[in-house]
> 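Got a structure for you, questions after.
All residue numbers refer to positions in the sequence shown, counting from 1.
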Amino acid sequence: MDYLDKLNLFRRRRNPPSDTTETSTTGGGSVSSPTIVLSPASPSAGEISTTSSSGEPSGGAGGAPEKKRKKKTKRKRTVSVVPISEVTEASLELWRTLPTKIRQDPSMVSFQQVELEHARLHASIHSYSRGPSPVEANFSSIAGDDHEDSFPDIQPMDDDEDEGEEEEEDDEDNGNEFITINVTNEQGENKELEHIKEKKEIPKPHVHHLAGHYIGNITPPKHDDIDTGQNHLDEDHPFRKYSKIICLFITWMVIIAFLVVKDEKMVHTKHLSIPAGKTKAYILPKLPLSSNVKFGLEGTFLSEQYTNITEHYLAIYLQSLTSTLEGNESEVVNSDSVQNISDPWYVPIVHPYLFDSAPIIKKQHSFDISDNNFERIHAQSSAVRMMVRSNIKTSIPIAVRYDQSPVNRDIGVIYAAFVLIFLYALIIWEVVHRTFAAVIASTLAISILAALDDRPTMEDIVGWIDVETILLLFSMMILVAILAETGIFDYLAVYIYKITNGKIWNLIHCLCICTTLISSFLDNVTTVLLMAPITIRLCEVMDMNPVPVLMAITVHANIGGTMTPVGDPPNIIITSNQYILKHGVTFLTFTAHMMVGVIIVVIATNIHLRLKYKNINNLRMHEPKELKELRRNIKVWERAAGKIPPYSKDANIVRETLMKKVRLLRHELKKKMTKGSVPEDLYRSTLEELQKEHPIKNKGLLIKSGVVCAFIISLFFLESIPELRRMSSGWAALLGVMLLLIISDKNDMDAVLSRIEWPTLLFFAAMFTLMEAVERMGLIDWIGHATESIIQSVSEDLRLAVAIIIILWISALTSAFVDSIPVTAMMVKIVVALSEKSTLGLPLQPLVWALAFGPCLGGNGTLVGASANVICAGIAEQHGYRFSFMDYFKLGFPIMLVSVIVTTGYLIMAHVVFAWH
């Protein structure tokens, strides 16, 4: 009889099948102890259950009375082990070579029981009087000092609790492990495997403490991979450094060359009086320099949408003259000296009795001169005159502006695209700061206009800057700076932390929903200015990286601004159009149609965020200690299993046991990684500490600030009512800030002005200049004409669906890379023109909703797509959390695509299928 047969026989004699307890006689006494019962769950595995010291089982069928006395508990996970019958002598020898911590793990209970039975067998064969053997004593010391035969208490594994003891702090940080495994094969040959040493150093972030906040240039860290915040362009690399300097220097040389050589274009205005029922001739002071001639008119004209309601027109066309003796006469007798060189341009005018009260409207038009006529004009030194004829019975005054060398739109579009690509290259690869990149790109655009003989004057450039937006940003930055002194942001952060119970996803959803609601009534820039400080403080409290959360609230600010006419500047542009207002697009109608879509988009966006940050540690600044310990344990068990060669069945038994433990640890790690909450004790202690540290600091100043905020918000709402529209948002914010400075008696203006994001304001000014220069090159008009031609090319049945899709996607994709304000201004004209054409048969309202969704949602695509994005990046950088163009692009652009796809489905279902309009 071999050794294992003797061992099994001895075990059956000591443990009859009907017994559920074990007794050991030590010194004549009898003590009952916990027994591990192995019930096979599969041919290669069993389950662990335990019995109490009184002989009653704590699990299984016999534990029913105990379960009745307990309330509902958490689901327990049982540990699968190898049945004792499969434990061979060779596998037992292999188990003995494992580290002590692994040998004593509950998953190794089969080997522990066989080892203890082995020790008892040897003790019974030799003598019971000599006391317990060393091995038996070792197991006895694990279970208890008084019971020789007792086993370690094996508790079922809980899904929410860590298993095993904590290691020393040094071992946890360095992650060093030394494992020696002696392997005995079936021939009895012993092989010692080499020591395994693995050390993984965790790089530490570059962080310093400033004003109670941890400040550092940190892009979203993931576990042990901390980004130090360096630019993608390594300044220390000589080749990259000097390449950047050379490229920027060449750009500077091109700019200065064009600006020095070309003068500012001065287009003079000529006032004419068109006689009743006759033609007025005006000889152009200079010959055209290209085959394209641009004219600008000012007078009591009608807008494009009212063209069909009048019969009064001005007909304007060009003629060439071989003699200027009779050039200013209305008619020329010698027809050989006069030739029409352009098609007529018809301009609708108001009724004569409205000349004194009608507003002055500006019109622009470009005349195309054929190449033959252009060459003949210059070859014969002919003169060119503009002929203006009126069909009304009274004279009409007009102002004429003549541009002899307008920008060639075909070439200008190419240059405009180049400038935008150049700007995004500077921002994406972080060659320079985004503010400096915008200044360089806008200056380059102006120099290109100069090269195209269309250099703008300084007055034109200043007029391009949207002073209202700059004024609004400036005023709201001062308001937020004063509000920060009251401690309200920290107080609100603590309150949100309290109501979310320290759960990360509850916190993020709460911030996003609050941002969406606030942004629907305030503009998204103001919303971000208010919410960003609260978000940063909350993330610091919960040891989270603020960058992903800041980007999430910025996305929701842009989405929430879509809901109402006052929530986003593009909506203000759309709803202020008189043609749209007169066709039933009111405040309530706009909000009702947009709210449904916004709710759907918010749900889809939150689902997208949950999927992207499924691993909650991607939102943390540092990985929790318990997760580090779990990862370390997994590596230890994997290394132990990996060093067991699979050349025998005995080795496979041990390795399979180890891998089962690895799978269990991985399951526990996955659950903890998606749990996303602060431990209860830590949450309570942190909440108490925060409530003590962050009360309201200055209640008097807070009350004054609240009154001023109510005043500003009231003016914002009054602005949305056409009858009460007397003051813009910028003026409302500035007057409110002036009132706050007066009643709060602020004397230290330097401290207040130091909190203003001056680089952000300069960035906006540069971007406004760039967008106007790009529009002057013809890019915006080119996009508009392409959109209109595509819609007109499809069949009438599909025209509405195609129009919605084209307007939505063109405006969204364009707004992701070009500022949404000029895009919206351009697309409004296209929407009105499409609605006016009776041959198309397109209703206005579905096109308006598509246009409202497009620029607002498209602004989420890139960092420069919306004003709120840039503001958020500036606030984050001020607090030390910097995120680049690509950091935002990786989150924002997929969200933009998903939201536009969802919106497309909503608009098609609502207005094509169900015809809600």
> Hey, does the side chain of His608 reach the backbone of Ala604 with a donor-acceptor pair shorter than 3.5 angstrom?
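A pair under 3.5 Å: no.
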> Where the side chain of Ser519 meets the backbone of Thr516, is there a donor-acceptor pair that is under 3.5 Å apart?
no
> Taking the side chain as everything from C-beta on, heavy atoms only, tell me whether Cys539 gets closer than 4.5 Å to Thr535.
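SC-SC contact between Cys539 and Thr535 confirmed.
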> Pick one: which of Phe301, Trp345, Tyr317 meets ring-ring contact (aromatic ring centres under 6.0 Å, His included) with His365?
Trp345
> Any non-hydrogen side-chain atom of Trp464 less than 4.5 Å from a side-chain atom of Leu770?
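In short, these two side chains do not touch, never coming nearer than 4.5 Å.
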> Is Thr903 reaching over with its side chain to a backbone N or O of Ser899, donor-acceptor style, under 3.5 angstrom?
yes
> Could you grab the distance from atom CD1 of Ile791 to atom CD1 of Ile806, nearest 0.5 Å is fine?
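It is 6.5 Å, given to the nearest 0.5 Å.
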> Closer than 3.5 angstrom, by distance alone: can the side chain of Asn571 be matched with the main-chain N or O of Gly561 as a donor-acceptor pair?
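Here the side-chain-to-backbone pair exists.
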> Counting C-beta onward and ignoring hydrogens, is there a side-chain heavy-atom pair between Ile895 and Lys612 closer than 4.5 Å?
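Heavy-atom side-chain distance check fails, nothing below 4.5 Å.
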> For Leu452 and Asn408: C-alpha separation, side-chain torsions, deciding distance, then whether side chain to side chain contact (heavy atoms under 4.5 Å, CB included) applies.
CA-CA 8 Å; Leu452 296 175; Asn408 187 336; over 6 Å; no
> CD/Glu430 to CG/Asp887 distance, rounded to the nearest 0.5 angstrom?
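Interatomic distance, Glu430 CD to Asp887 CG, rounded to 0.5 Å: 7.5 Å.
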> What's the separation between atom CD1 in Ile830 and atom CG in Asp781, rounded to the nearest 0.5 Å?
8.5 Å
> Do Arg409's NZ or CZ and the ring of Trp782 fall within the cation-pi criteria of under 6.0 Å and 45°?
no
> Looking at every non-hydrogen atom in both residues, tell me the closest pair between Ile712 and Ala732 and how far apart they are.
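Nearest heavy atoms, Ile712 then Ala732: CG1-O, 3.9 Å.
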> Got a second to check how far Asn292's CG is from Phe367's CZ, nearest 0.5 Å?
10.5 Å
> Ignoring hydrogens, what is the shortest heavy-atom contact between Val555 and Tyr888? Give both atom names and the distance.
CG2-OH, 3.9 Å
> Quick one: are Leu609 and His556 in side-chain contact, heavy atoms under 4.5 Å?
yes
> Between Thr527 and Asn524, does a side chain to side chain donor-acceptor pair (under 3.5 Å) hold up when you go through it step by step?
CA-CA 5 Å; Thr527 303; Asn524 49 10; over 6 Å; no
> Of all the heavy-atom pairs spanning Ala445 and Met777, show the shortest one and how long it is.
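Smallest interatomic distance, heavy atoms only, reads O-CE, 3.4 Å.
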> Does the side chain of Leu302 reach to within under 4.5 Å of the side chain of Ile361, using non-hydrogen atoms?
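No, every pair of side-chain atoms sits at 4.5 Å or beyond.
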> Side chain of Thr760, backbone of Ile871: donor and acceptor closer than 3.5 Å?
no
> Check for a donor-acceptor pair, side chain of Asn869 on one end and backbone N or O of Thr862 on the other, with a separation under 3.5 Å.
yes
> State whether the side chain of Lys363 and the backbone N or O of Phe295 hold a donor-acceptor pair below 3.5 Å, judged by distance alone.
no
> Is a side-chain N or O of Asn391 found less than 3.5 angstrom from the main chain of Glu311, in a donor-acceptor match?
yes
> Give a yes or no answer on whether the side chain of Thr591 reaches the backbone of Leu588 with a donor-acceptor pair at less than 3.5 Å.
no
> Compare every heavy atom of Met594 with every heavy atom of Ala852, then report the nearest pair and how far apart it is.
CB-CE, 3.6 Å
> Kindly say whether Ala786 contributes a backbone atom to a donor-acceptor pair with the side chain of Ser789 at under 3.5 angstrom?
yes
> What closest approach, in Å, do Val596 and Ala592 show between heavy atoms, and which atom pair accounts for it?
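Looks like CG2-O, 3.8 Å.
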> Less than 4.5 Å apart, any side-chain heavy atom of Val585 and any of Ile574?
no
> Classify the ring geometry between His593 and His911 as parallel (under 30°), tilted (30 to 60°) or perpendicular (over 60°).
parallel
> Could you walk me through whether Val347 and Ile316 pass the side chain to side chain contact (heavy atoms under 4.5 Å, CB included) check?
CA-CA 8 Å; Val347 180; Ile316 304 170; 4.1 Å; yes
> Which of parallel (below 30°), tilted (30 to 60°) and perpendicular (above 60°) describes Phe889 and Phe885?
parallel
> Any heavy-atom pair between the side chains of Val525 and Leu472 that's under 4.5 Å?
no
> For the residue pair Phe422 and Phe418, categorise the inter-ring angle as parallel (less than 30°), tilted (30 to 60°) or perpendicular (more than 60°).
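The rings of Phe422 and Phe418 lie parallel, inter-plane angle below 30°.
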> I need the minimum non-hydrogen distance between Ser835 and Tyr579, along with the two atoms involved.
OG-OH, 3.6 Å
> In Å, rounded to the nearest 0.5 Å, how long is the span from CD1 of Ile908 to CG of Leu800?
7.0 Å
> Mind running side chain to side chain contact (heavy atoms under 4.5 Å, CB included) on Leu857 and Asn558 for me, showing each step along the way?
CA-CA 7 Å; Leu857 299 181; Asn558 294 327; over 6 Å; no
> Under the side chain to side chain contact (heavy atoms under 4.5 Å, CB included) rule, what do Met886 and Ile428 come out as? Steps first, then yes or no, please.
CA-CA 6 Å; Met886 290 305 299; Ile428 290 173; 3.5 Å; yes
> Starting at CG of Leu530, measure out to SG of Cys709 and round the result to the nearest 0.5 Å.
7.0 Å
> Are Ile508 and Met544 close enough that some pair of their side-chain heavy atoms sits under 4.5 Å apart?
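In contact.
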